[in-house]
Amino acid sequence: MADLNELSEKLNGIKAEIKEELNRLDSSKSVFEYRKLIFDSKTGKVGSLMREMGKIPAEMKAEYGKRVNEVKTWAQNVFEEMDEKFRREEMKLRYASEKIDVTMPSMKPKHGYLHPNTLVKNQTVDIFGSMGFEIYEGTEIETDYYNFTALNTPDDHPARDMQDTFYLSDKFLLRTQTSAGQIHVMEAKQPPIKIISPGKVFRSDDDATHSPMFSQMEGLVVDKGITLCDLKGMLDEFVKKIFAEDVSTRLRPSYFPFTEPSVEVDVSCFQCHGKGCKLCKGTGWIEVLGAGVVNKKVLEGCGIDSDVYSGFAFGIGIERIAMLKYGINNIKLLFESDLRVLEQIAE
Ligand code: PHE
């Protein structure tokens with residue numbers, strides 16, 4: 001550097017250049033980049049002046065340093081001001097873009113619905129669970145022995161015609177009733193027995209109220225002194241909880257090979273309260289399930305002493321209960337998973 005005048009000129013030039021460039025800056029980032037450029041100790045317009053200090057003759061050094069520093073401080077201040085200005089603007093923009101209107105109505109989350117079958121199954125399990133029943137789940141493929149023979153329905157028994165069976169082989173079939181589970185439970189355990197057994201069953205049957213696959217809930221209680229009255233008491237409790245408090249049951253004589261006596265259980269019509277309507281076909285009563293006192297032959301076949309123990313069993317059709325409870329007139333609606341149907345049965 002020849003003399004201080006030259007330096008002043010140079011510094012003024014740099015200042016002018018920086019001022020000029022400041023007009024082109026448009027963000028805090030561009031300020032940052034430009035500042036880096038100017039102050040770079042090797043290539044920067046101001047930074048390199050500081051570096052050159054070493055080469056300045058001793059008598060000029062103090063003045064040189066002072067003037068360069070002035071410009072440096074000036075530049076630092078303008079950059080800082082610019083940076084602050086841009087940051088403020090950028091923050092404002094960010095706040096505007098991230099603004100949340102807390103007065104907007106919230107988005108309703110779309111949630112799923114439990115299938116009517118699942119609802120009825122869960123409720124039934126809860127009701128009997130609260131009476132101390134345990135759950136036993138059988139298998140959908142059964143042997144002819146467990147589904148029929150052990151349930152007092154030997155090969156040539158006319159009751160086999162009551163249920164059109166899907167045979168898989170001579171020995172294996174798709175169970176037609178959850179009653180098959182009764183035998184497994186009684187073979188495995190001596191009384192007291194108190195189980196319910198939910199599951200799918202299969203019959204070659206197909207119309208508005210029958211489907212080749214449907215669900216049942218078996219109930220079995222075996223202990224000392226169990227009678228039909230215990231059955232009626234528990235079923236009364238069940239129908240009150242599943243339908244309505246003012247619903248009661250009535251037992252009608254029926255026939256199942258594995259129960260003696262056997263009954264069909266009707267509930268008083270929860271729609272017309274006994275006056276007679278379409279649902280109860282004018283009778284005031286609706287048939288809901290089959291039941292009975294466990295046949296002594298079945299107990300004995302499972303190694304349970306029928307002089308000491310007695311029991312009752314029942315078989316609830318889950319779809320039938322769901323159709324009655326939710327006013328569904330075709331069983332197919334329960335298997336189509338049509339959301340328009342399912343959404344109406346949100347419970
Ligand atoms: N298993 C019979 C059916 O499917 C119902 C039933 C179960 C009847 C238990 C009596 C006792 O029709």
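Both counts, for ligands and for their atoms, begin at 1 and track the order of listing.
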**Q** If we check side-chain contact (heavy atoms from CB on, under 4.5 Å) with Thr124, which of these qualifies: Leu119, Ile316, Ile196?
**A**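 Exactly one option meets the side-chain contact (heavy atoms from CB on, under 4.5 Å) with Thr124, and it is Ile316.
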**Q** Measure from the side-chain N and O atoms of His115 to the backbone N and O of Leu334, and report whether any donor-acceptor pair falls under 3.5 Å.
**A** yes
**Q** Would you give the length of the straight line joining atom CD of Gln76 to atom CZ of Arg35, rounded to the nearest 0.5 angstrom?
**A**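 The distance works out to 6.0 Å.
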**Q** Going by the side-chain contact (heavy atoms from CB on, under 4.5 Å) test, name the single residue among Ile183, Thr259, Val222, Ile304 that passes it with Val298.
**A**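 It is Ile183; the other options fail the test.
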**Q** Which pairs of nitrogen or oxygen atoms, taken one from ligand 1 and one from the protein, are under 3.5 angstrom apart?
**A**
| from | atom 1 | to | atom 2 | distance (Å) |
| --- | --- | --- | --- | --- |
| ligand 1 | 1 (N) | Gln177 | OE1 | 2.9 |
| ligand 1 | 1 (N) | Ser179 | OG | 2.9 |
| ligand 1 | 4 (O) | Arg203 | NH2 | 2.7 |
| ligand 1 | 4 (O) | Gln216 | NE2 | 2.8 |

**Q** Please confirm whether the backbone N or O of Asp207 pairs with a side-chain atom of Lys332, one donor and one acceptor, at under 3.5 Å?
**A** yes
**Q** Are there over 12 heavy-atom neighbours, none belonging to Lys189, within less than 6.0 Å of that residue's NZ?
**A** yes
